[in-house]
Amino acid sequence: MEIKKNYNLSKLNTFGIDVNTDFFAEIKSENDIEELFSSPEFKHYEKIFLGGGSNILFTKDFHGIVILNKLKGIEITEESNESVSVRAMGGEIWNDLVLFAVNHGYWGIENLSLVPGTVGAAPMQNIGAYGSEIKETLLNVETFEVATGKKKIFNNEECELGYRDSIFKNKVKGKYFISAITLKLSKKENKNVTYRALKEYLENNKIEIHNSKDISEAVASIRNSKLPDPKILGNAGSFFKNVFIKKDELQKLLLEYPDIPSFEEKGLMKIPAGWLIEQCGWKGRKLGNVGVHEKQALVLVNYGNATGSEVFNLANQIIKSVRNKFGLELIPEVNLI
Ligand code: EPU
């Protein structure tokens with residue numbers, strides 16, 4: 001396997017930030033993993049595992065090794081009358097796995113249509129959209145331990161999946177390389193159309209759901225109507241996480257801001273970060289080469305030749321103004337390097 005030196009990453013991050021890494025390698029097989037994990041460059045340098053580059057902001061050149069997961073393959077490993085287990089390699093594009101599922105008529109990940117990124121990155125942040133999370137269908141995650149090169153399988157519980165969170169972002173950050181995942185999908189109708197924006201879209205367009213593909217297509221058109229295409233406008237989807245607060249904290253905020261939207265989730269109240277940012281006057285604002293998207297205030301965009309620091313500075317200004325106005329703390333969803 002070739003380890004490239006001084007490699008440009010602008011095409012490998014959806015923000016389109018022009019930075020270099022000292023070393024770069026692509027993993028295309030399990031043999032590559034063994035070879036790479038025992039090489040001196042790998043052992044001694046700081047490492048970043050990259051999938052679609054859709055959840056990362058490079059603020060400077062990287063002095064270490066970037067490893068791109070290019071492991072490919074999708075297969076059915078078990079099947080019954082009710083369900084099917086689908087194993088997908090980490091380098092597959094997440095939406096290709098969604099299309100595989102809906103084209104076979106399987107249910108479970110249709111609400112996650114068009115979530116950017118790769119299969120290997122999906123459990124890292126427990127991807128979620130339109131009322132669904134990968135947590136609901138994930139059976140297990142296959143990994144290689146970085147220090148030893150040994151294979152380890154994490155079952156659903158061991159992944160400690162939370163809102164945009166997992167053990168791979170916390171306790172064992174950087175310690176495991178995700179090679180494959182297996183999902184349990186349903187062959188029986190199992191639709192989830194309670195998320196407000198999805199429900200309204202289906203009602204307004206008089207769409208009846210006959211199969212998982214119908215949901216997938218509806219979700220894809222909602223996403224396309226408000227989220228910018230990174231091929232045209234550099235971005236990494238939601239830059240911040242939504243904010244979760246206790247009910248009594250919400251009651252206090254409501255006294256001053258009676259219009260504040262909130263959604264109950266798992267005993268807490270979710271306040272949409274997009275609303276908070278919009279209320280601070282950021283939506284659609286442009287600052288030099290960077291800005292806040294005009295249709296979804298959670299998305300920061302690169303209008304051209306932005307540096308990672310410009311995006312980072314904008315993010316910090318937004319955090320500050322939300323803190324000053326509402327006393328709430330926005331936390332980036334995107335990994336900052
Ligand atoms: N809102 C505003 N102004 C905005 C944006 C949103 O007021 O500019 C408020 C509205 O009240 C709206 C509510 O936020 O009803 C929810 O908006 P939306 O349905 O667009 O969802 P979100 O909470 O802003 C989350 C995910 C998205 C996912 C959507 C749809 C996070 C951080 N983001 O956004 O995920 O597509 O739900 O389910 O949880 C991503 O992670 O990159 C991503 C795009």
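Each ligand, and each atom within it, is numbered from 1 in the order the structure gives.
For the pair Arg196 and ligand 1, the shortest N or O to N or O distance does not fall below 3.5 Å. Between Lys295 and ligand 1, no pair of N/O atoms sits closer than 3.5 Å. On a distance-only criterion, Leu298 and ligand 1 share no N/O pair closer than 3.5 Å.
Atom 15 (O) of ligand 1 has Phe263 CZ, 4.3 Å as its closest protein atom, hydrogens excluded (heavy atom only). Regarding atom 29 (C) of ligand 1, its nearest protein heavy-atom neighbour is Tyr195 OH, 4.0 Å. From the protein, the heavy atom lying nearest to atom 25 (C) of ligand 1 is Asn242 ND2, 4.1 Å.
Between His104 and Phe100, the ring planes lie tilted relative to each other; the angle falls in the 30° to 60° range. The aromatic rings of Tyr45 and Phe23 lie tilted to each other, with the angle between the two planes from 30° to 60°.
Protein non-hydrogen atoms do reach within 4.0 Å of atom 31 (C) of ligand 1. For atom 9 (C) of ligand 1, the protein comes within 4.0 Å by at least one heavy atom.
Of all atoms in ligand 1, numbered sequentially from 1 with element shown, those under 4.0 Å from a heavy atom of Gly237 are 42 (O). Atom numbering of ligand 1 starts at 1 in the shown order; those under 4.0 Å from a heavy atom of Ala297 are 4 (C), 8 (O). Annotation for ligand 1: atoms under 4.0 Å from non-hydrogen atoms of Glu278 are 2 (C), 3 (N), 4 (C), 7 (O), 8 (O). Those atoms of ligand 1 with a heavy atom of Phe240 less than 4.0 angstrom away are 32 (C). Proximity to Lys283 (heavy-atom distance under 4.0 Å) selects the following atoms of ligand 1: 3 (N), 4 (C), 8 (O).
For NZ of Lys184, the number of neighbouring non-hydrogen atoms (other residues, nucleotides, ligands) closer than 6.0 Å is 12 at most.
A heavy-atom separation below 4.0 Å is found between Arg223 and ligand 1. Residue contacts with ligand 1 do not include Gln279, since none of its heavy atoms lies under 4.0 Å from the ligand. Heavy atoms of Gln125 stay at 4.0 angstrom or farther from ligand 1.
With a 4.0 Å cut-off on non-hydrogen atoms, Tyr163 touches ligand 1 through its side chain and not its backbone. Contact annotation: for Gln296 versus ligand 1, heavy atoms closer than 4.0 Å belong to both the backbone and the side chain.
Taking the six-membered ring wherever Trp is involved, the centroid distance between the rings of Phe326 and Tyr257 falls below 6.0 Å.
Compare Trp275, Trp282, Tyr130 by their heavy atoms: the one nearest to atom 7 (O) of ligand 1 is in Trp275. Of the listed residues (Glu333, Glu133, Arg164), the one carrying the non-hydrogen atom nearest atom 35 (O) of ligand 1 is Arg164. Within the set Pro116, Ser54, Pro332, Ala129, the minimum heavy-atom distance to atom 28 (C) of ligand 1 is found for Ala129. Remark: among candidates Pro272, Pro261, Ser238, the nearest residue to atom 40 (C) of ligand 1 is Ser238, based on non-hydrogen atoms.
Looking at heavy atoms from C-beta onward, Ile33 lies in side-chain contact with Leu71 at the 4.5 angstrom threshold. The closest side-chain heavy-atom distance from Tyr130 to Ser113 is not below 4.5 Å.
Across Phe154, Phe144, Phe49, a single residue satisfies ring-ring contact (aromatic ring centres under 6.0 Å, His included) together with Tyr176, and that is Phe154. When each of Glu78, Glu82, Glu79 is tested with Lys187 by the rule salt bridge (Lys or Arg N to Asp or Glu O under 4.0 Å), just one qualifies, namely Glu79.
For the pair Lys4 and Phe24, the NZ or CZ position fails the cation-pi test of under 6.0 Å to the six-membered ring centre and within 45 degrees of the ring normal. Phe168 does not carry Lys173 over the face of its six-membered ring by the limits of under 6.0 Å from the centre and within 45° of the normal.
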How far apart are the C-alpha atoms of Glu294 and Lys283, what are their side-chain angles, what is the distance that settles it, and do they pass the salt bridge (charged side-chain N to carboxylate O under 4.0 Å, His left out) test?
-> CA-CA 6 Å; Glu294 58 190 4; Lys283 196 170 182 174; over 6 Å; no
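Side-chain contact of Tyr106 with Ser186: a donor-acceptor pair under 3.5 Å is absent, judged by distance alone.
For the pair Lys241 and Pro332, the tightest heavy-atom approach, listed with the atom from each and the gap, is CE-O, 4.2 Å.
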